[in-house]
Amino acid sequence: MTNTAVSALPAYRCTILPEWIDYNGHLSEAFYVLVFGFATDQVMDRLGMGEAYRQSTGNSLYTVEAHVRYLAETGLGAELTVTTQIVGGGAKKLHLAHEMLSAGKLIATEELLALHVDQGSGRSSAFPPPVLENISRYRAGLDDEAPDWIGRTVSS
C-alpha cells in the first residue's frame with residue numbers, strides 16, 4: 001500500500017500534450033520522466049535553487065540516481081498531478097519521492113537522489129544555509145511518513 005501523505009511542497013500540475021503520446025496511444029515512458037523532471041524543477045525553485053540562484057552561484061542540483069515505477073497508463077489530454085516529498089538529505093544531497101496521479105489514481109512514482117554541484121568544478125558542494133533551512137522546513141514532521149515504495153530494488 002502506498003502512503004500518499006502530502007508534504008508542504010506544492011503539487012506540480014500539467015496536461016498531457018499530443019507529442020507525449022506513444023504508438024500505443026498512451027503517455028510514453030520518457031514523458032513520465034519529463035513530468036517528474038518538471039516537478040523537481042518546481043521543488044528546486046521552492047527550496048531557493050531557482051534560475052537566479054543557479055546564475056549567481058554557479059551551483060545546481062544534479063540527479064545521480066532515479067527509480068521510476070510505471071503503475072498505470074494514461075492518455076492524451078489527461079491532467080497530471082505530481083506530489084513530492086523530501087524523504088532524506090544531507091549537506092550535499094537531496095532524496096525526493098514523487099507520486100504522479102491522473103484522475104486521482106496513482107499512475108507512477110519516482111524516487112530520486114540528487115547532489116548539489118558546483119558547475120564550474122563539477123564537484124559536489126554543500127548547500128548554503130538558507131537552502132538547508134528550507135529543506136529542513138519541508139521535511140519537518142515527515143520523518144515517519146516516507147512512502148513504502150522508497151528504497152526498493154529492481155528485481156524479477
Side-chain angles (χ1 to χ4, degrees), residues 2-17 19-20 27-71 74 78-153:
T2 299
N3 178 347
T4 56
V6 179
S7 72
L9 289 166
Y12 174 78
R13 290 180 171 77
C14 67
T15 302
I16 296 175
L17 302 174
E19 57 268 27
W20 296 1
L27 180 62
S28 179
E29 66 184 79
F31 292 97
Y32 283 84
V33 176
L34 177 75
V35 172
F36 284 134
F38 290 154
T40 300
D41 292 346
Q42 181 174 285
V43 169
M44 289 175 64
D45 289 344
R46 185 58 60 135
L47 295 178
M49 294 182 286
E51 181 65 27
Y53 171 83
R54 292 187 300 273
Q55 287 183 353
S56 68
T57 66
N59 295 326
S60 190
L61 205 58
Y62 284 18
T63 300
V64 294
E65 187 172 347
H67 182 181
V68 178
R69 295 185 313 143
Y70 302 94
L71 305 173
T74 193
E79 298 290 327
L80 300 178
T81 301
V82 178
T83 59
T84 303
Q85 192 173 342
I86 299 172
V87 295
K92 300 178 182 183
K93 65 183 175 181
L94 187 64
H95 187 181
L96 301 176
H98 292 303
E99 293 187 335
M100 183 184 297
L101 295 99
S102 180
K105 178 182 178 181
L106 183 66
I107 64 167
T109 65
E110 181 184 56
E111 179 179 8
L112 182 139
L113 181 63
L115 291 178
H116 186 251
V117 174
D118 176 327
Q119 294 179 297
S121 70
R123 300 178 63 88
S124 62
S125 63
F127 291 114
V131 172
L132 280 174
E133 289 169 16
N134 287 334
I135 291 169
S136 293
R137 184 166 47 96
Y138 285 112
R139 281 232 358 104
L142 298 176
D143 291 335
D144 297 328
E145 296 184 23
D148 61 1
W149 48 266
I150 292 294
R152 290 187 177 180
T153 59

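Fair warning: this is a prediction, and the values are worked out from it, not measured in the lab. Computed over heavy atoms, backbone and side chain alike; hydrogens, waters and symmetry mates excluded.
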Can you confirm whether Val82 sits close enough to Glu110 that some side-chain heavy atom of one is under 4.5 Å from a side-chain heavy atom of the other?
no
Just verifying a value: how many Å separate Arg13 CZ and Gln42 CD, rounded to the nearest 0.5 Å?
9.0 Å
Can you give me the closest heavy-atom contact between Thr74 and Ala78, atom names plus distance?
OG1-CB, 3.2 Å
Pairwise distance NE2(His98) to CD(Glu111) - rounded to 0.5 angstrom:
11.0 Å
Quick one: do Val64 and Lys93 satisfy side chain to side chain contact (heavy atoms under 4.5 Å, CB included)? Show the steps, please.
CA-CA 10 Å; Val64 294; Lys93 65 183 175 181; over 6 Å; no
Kindly compute the distance separating OG1 (Thr109) from CZ (Arg152), expressed to the nearest 0.5 Å.
8.0 Å
Please work out which of the three classes, parallel, tilted or perpendicular, describes the rings of Phe38 and Trp20, given edges at 30° and 60°.
tilted
Quick check on side-chain contact (heavy atoms from CB on, under 4.5 Å): which of Val117, Asp118, Val131 does Asn59 satisfy it with?
Asp118
Heavy-atom pair of closest approach, residues Tyr70 and Glu29
OH-O, 3.4 Å
Check the angle between the aromatic planes of His116 and Phe127 and answer parallel, tilted or perpendicular using the 30° and 60° thresholds.
tilted
Could you tell me if the side chain of Ile16 sits less than 4.5 Å from the side chain of Val35, heavy atoms only?
no
Please find the pair of heavy atoms, one from Tyr32 and one from Ile107, that lie closest to each other, and give the distance.
CE2-CD1, 4.1 Å
Glu51, CD atom: more than 12 neighbouring heavy atoms under 6.0 Å:
yes
Could you tell me which non-hydrogen atom of Thr63 sits nearest to which non-hydrogen atom of Ala66, and how far apart they are?
CG2-CB, 4.3 Å
On a heavy-atom basis, which atom in Ala97 and which in Ile150 lie closest, and how many Å separate them?
CB-CD1, 3.6 Å
With heavy-atom distances below 4.5 Å as the criterion, would you say the side chains of Thr83 and Glu99 are in contact?
yes
Nearest 0.5 angstrom please: Ser102 OG to Leu71 CG, how far?
12.5 Å
Taking atom CZ of Arg46 and atom CD1 of Ile86, what is their separation to the nearest 0.5 Å?
11.0 Å
Got Val43 and Leu61 here, is their nearest side-chain heavy-atom distance under 4.5 Å?
no
For the CD atom on Glu65, are there more than 12 heavy atoms of other groups (residues, nucleotides or ligands in this structure) within a distance under 6.0 Å?
no
For the pair Leu112 and Phe36, evaluate side chain to side chain contact (heavy atoms under 4.5 Å, CB included) and give the outcome as yes or no after the intermediate values.
CA-CA 10 Å; Leu112 182 139; Phe36 284 134; over 6 Å; no
How long is the straight-line distance from CG of Leu47 back to CZ of Arg137, given to the nearest 0.5 Å?
8.5 Å
Taking all atoms of both residues into account, what is the closest heavy-atom pair of Thr84 and Leu9, and its distance?
O-CD1, 3.7 Å
